[in-house]
Structure formats: structure tokens, C-alpha cells
Amino acid sequence: MSGVLALSQPSMAETIHGALARAYQNNASVNSARAGVRVTDEGVAIAKSGWRPYIGASGSLNYTSTNNTSRITTGSFGIQIQQSLFDGFQTLNNVRAAEAQVRAANESLRNTEQDILFNAAAAYVDVLRDRQIATFRARNLDFLSEQVRAASSRFEVGEGTRTDVAQAQAQQAAAVAQLSAARAQVLASEATYLRLVGDKPGKLQPAGPVAKLLPGGMDAALGAALSGHPVIKATLHLVDAASFQVKSAEGSLLPQISAQAGVSHSYRNTVTGLPGVGMGSGDGSSDSASVGLNLTIPIYQGGLASAQVRRSKESLGQARIEVDVARDQVRNAVTAAWTQYVAAREVVAAGRELVSAAQLALNGVIEERNVGQRTTLDVLNAQADVITAQINVASAERDVVAASYAILSAMGQLSPKRLGLAVATYNPQEHYDAVKDKWVGTKTPDGR
């Protein structure tokens, strides 16, 4: 590709793949999403705690004195264990819902990673485009400054008019403003690049579209997107989670059975009598143990359980609708990206021909002006056509590359592995495996 995507750069210049690799590793939004998945992972361990026993200890010590005639010291301590035996399958369904939420979070993370990779790719080509436009604007200013000088020289020798000079000066002033705006846009694009990639853009190598990774047509792209996009998969997993939450809510209407056991030791020491007269004392201690079963049959709970069941069912209905919403969004994204890709390629092809024709026309108008057959205004208009055509080509070349990445993102296939990025892929399964069956311990797997 030419223009913005075919700048001659040194071999050590940054590549788009290098920029995407750094964005994948360092982008704050991606790292925040990964932390969010780790938070969701703990939901499984929390749900599984309903299957595990509760063990607690208690103790007390009391001292009582009455009119200096008696002093009573009592104390006790014990250990209790409580274990749920049947909770209406609430824990089972809570665990299944939490596992489905983890799967949904993993797919949402994939989508976030895709979004960041696409945004980083777009930022990369935005910088290339805007730098090229700034170069065009600078060349245009140089050209117009030369036209001002030439018009002034012709006016001084009587071959031109003051109008020619004024027209050239007006175009020169406009070019100064346009160059200033173009340079400001470069700074804005570089700031976006820094935010997404984590480094300021240096010299950037040209970037081409990922055409080899695209399917043969839009129908194939739609098929791949509707069957494998992470947004759709995430919503399907959330449907599963909502379904299990309905069953868990219904479980609160079923009988609950639990077992408990405990051991305790208590003692009492009593001292009576007046000082100097005689004191009497007595003490004793006892040990006890208990074990038992509790059966709870809910009859009426003030409408709370029924309302929770109804709310869960409505949430399930909403989750199912969200699947259709996600499919519509994916279908729209694929269609928009594909049509933009095709249109941009056609614009590039036509634009290159237009640039060549406009440049040829400009050269002819200048020659005709030199022999008196054209005016300075004709030259200025021809130059404006050239600069407009060059900027349009630069923008279209940017759109071709960005749209190709947009297609992959809309298909759900914009991943480091598919792009061949030299970066270690984040695997959320490692953290999940480390915490899903953890019984005790407050330290996270990374030692915090």
C-alpha cells in the first residue's frame, strides 16, 4: 500500500504487531478485566462453602462478688460443629451458577482483549495517517508560499495583478491554519496510542490489512461470528447461570436438614463467709457433649421466597433476550466492518488514480499560467485538488487496515495467537484451578 501505509521507515521502527503485543500485556483496561475474572473465580469457592462444615469455638469467664461475703467464679468453653446435610439443592445450584458465571467472565475477558487489540491497531494506523496528513499540509504550505513569492514577483514586473497576490496570500494563510490543526491531530492520536499501548509512538513501520486471516465472503464471516463470538458465548453462559439461580431460589421452599455436634467444659468455684470468721468454699466442673439433627420445613416466609423465585425467573427471561441482543450486535458489527473494508479498498484504488491525474493537471495548469493562459487562482484550485486527493487516499488506506482488524474482532477471532503476536497468552484457567477447591487460606495465588 502507498501513502500513509507505505512510508519508508528504518528497520528498527515499531511494527503494528509489536504495538499490539505491548497493548495485550500492559493495557490497564485488560489487566482490570483479568482482575475481574479472578474476582468471579472466587464465587465458586464461596458457593462450595455451603457443602463444608462450620466449626466454631466459644468461651466465657465470669467473676461475681456479693457484699464481701461470697465470691463466685464460673467459666466454660466448647467447640461446635455444624454441617448441612440437605438444603434443597441450593448449594449444588449455586455452585453450578458460579461456574457458569466464571465461563461467562472468561468470554467477556476475551472480548475485552479483542477490543483493546482492535483499538490499539486503529490507534497505530491513526498515527500513521495523521502524520502523513501533516506532511501533506506542510508540503502544501511550502507550495503556496512559493506561489505567493511568484505572484509578488510577477506583480512587481507588471505581469500579474494585486488580486493574484491576495488570492495566493489567502490560500497561504489557510494552509498555515490547516497545518496547525493537522499537527494538533497528530498529538491527539499519539496520546491515544500512548494510552492504549503504554509507550509513545516512535517511528512506525507501514501496516497492511490482515487479508489472509479473513474469510472468503461476508456470509462466511457472519457464520463464524454467530457461532463463536465471545459476547454471544458469554450471554449463553449467563443464561445457564440464571437458570441455576432459579433452581437455587426454588430450593428455599424445600425442607432443610443439618447436623450439629459439640463438646464443652464448664466449672464453678464459690467462696463464702466473712473475713476473720471463717471461709467456706466449694467448686465443681462438668463436661458435656451433644450431637443432633435439625429439620426445618418452611411453611410461609412472608412471601420472601416466592418473590425471590419470581425475580430469578424474570432474570432468566432477560438473560435469554440478551442473547438475541448480542447476536444482533455481532451481526451488525460484521456487516459494517465488511462493507467498510470493501468500500475502503475501492476508494484507495480510485484515489490513487485521482492523485496521479490531479498532479498531472496541476503541472499543466502551472505551465499554462506561465504562458498567460491560466490565472493564479487556477493554480491554487488545482493544488487544492491534489492535497484533497492525497488526504483522501491516506484516510482510505487507514480504513482498509482498521476495517480488516474490525472484521476479525466482529468475528471473535482477533486474538494474539491468531495474529501471531510474540507474547505470552493470559490463561484464566490457572487462577481458577488454584482457588476453586480451596478450603482455607487468605493469601491469593500470587502471594498477596
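If you read the sequence from its start, that first residue is 1, and numbering goes on from there.
Rounded to the nearest 0.5 Å, atoms CG (L85) and CD (Q82) are 10.0 Å apart. Taking CG of D41 as the reference point, atom CD1 of I46 lies at 11.0 Å (rounded to 0.5 Å). One distance of note links OG1 of T40 with CD of E99; it measures 13.5 Å at 0.5 Å rounding. Between M411 atom CE and S227 atom OG the span is 8.5 Å, to the nearest 0.5 Å. Atom OH of residue Y54 and atom OG of residue S49 lie 12.5 Å apart, to the nearest 0.5 angstrom.
In this structure, E314 does not pair ionically with R311, as no charged nitrogen and carboxylate oxygen lie closer than 4.0 Å. With respect to R139 and D142, no salt bridge is recorded, no charged nitrogen being found less than 4.0 Å from a carboxylate O.
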Evaluate R345 against E397 for salt bridge (Lys or Arg N to Asp or Glu O under 4.0 Å), listing each step before the verdict. CA-CA 8 Å; R345 291 179 62 183; E397 288 175 336; over 6 Å; no
For the pair S404 and L408, evaluate side chain to side chain contact (heavy atoms under 4.5 Å, CB included) and give the outcome as yes or no after the intermediate values. CA-CA 7 Å; S404 69; L408 281 184; over 6 Å; no
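Counting heavy atoms from C-beta outward, S415 and E113 have side chains that stay 4.5 Å or more apart. At least one side-chain heavy atom of H237 sits under 4.5 Å from a side-chain heavy atom of E107. Side-chain atoms of L380 and L144, non-hydrogen and from C-beta on, do get closer than 4.5 Å to each other. Here the side chains of D385 and L362 are not in contact, with every heavy-atom distance at 4.5 Å or above. Within the 4.5 Å cutoff, the side chain of Q80 has heavy atoms near those of the S58 side chain. Between Y193 and L204, the closest side-chain pair of non-hydrogen atoms falls below 4.5 Å. Looking at heavy atoms from C-beta onward, D240 lies out of side-chain contact with L236 at the 4.5 angstrom threshold. Looking only at side-chain heavy atoms (C-beta outward), Q340 and D399 come within less than 4.5 Å of each other.
Qualifying side chain to side chain contact (heavy atoms under 4.5 Å, CB included) partners for E146, counting only residues two or more places apart in sequence or in other chains: R149. A search for side chain to side chain contact (heavy atoms under 4.5 Å, CB included) contacts involving Q90 returns D87, N94, S248, S252, Q256, not counting sequence neighbours. Remark: D433 pairs with Q429, K436 by the side chain to side chain contact (heavy atoms under 4.5 Å, CB included) rule, at least two apart or across chains. For F89, the ring-ring contact (aromatic ring centres under 6.0 Å, His included) partners two or more places apart in sequence, or in a different chain, are F86.
Shown here for R418 and L213, the closest heavy-atom pair between the two residues is NH2-O, 3.0 Å.
Side-chain N/O atoms of S145 and Q172 include a donor and acceptor closer than 3.5 Å. A side-chain donor from one of Q383 and N140 sits under 3.5 Å from a side-chain acceptor of the other.
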Acceptor/donor pairs from residues 178-192 side chains to any protein atom, 3.5 angstrom cut, sequence neighbours excluded:
| unit_1 | atom_1 | unit_2 | atom_2 | d |
| --- | --- | --- | --- | --- |
| Q178 | OE1 | R137 | NH1 | 3.1 |
| Q185 | NE2 | S189 | OG | 3.3 |
| S189 | OG | D130 | OD2 | 2.3 |
| S189 | OG | Q185 | O | 3.1 |
| E190 | OE2 | R131 | NE | 3.3 |
| E190 | OE2 | R131 | NH2 | 2.9 |
| T192 | OG1 | A188 | O | 3.2 |

Quick one: side chains of residues 24-35, donor-acceptor pairs under 3.5 Å with protein atoms, not counting sequence neighbours, listed by atom name and distance.
| unit_1 | atom_1 | unit_2 | atom_2 | d |
| --- | --- | --- | --- | --- |
| Y24 | OH | Y426 | N | 2.9 |
| N26 | ND2 | R22 | O | 3.4 |
| N27 | OD1 | S29 | N | 2.9 |
| N27 | OD1 | V30 | N | 3.3 |
| N27 | ND2 | L196 | O | 3.0 |
| N31 | OD1 | R34 | NH1 | 3.1 |
| N31 | ND2 | N27 | O | 3.3 |
| R34 | NH1 | Y24 | O | 3.3 |
| R34 | NH2 | Y24 | O | 2.9 |

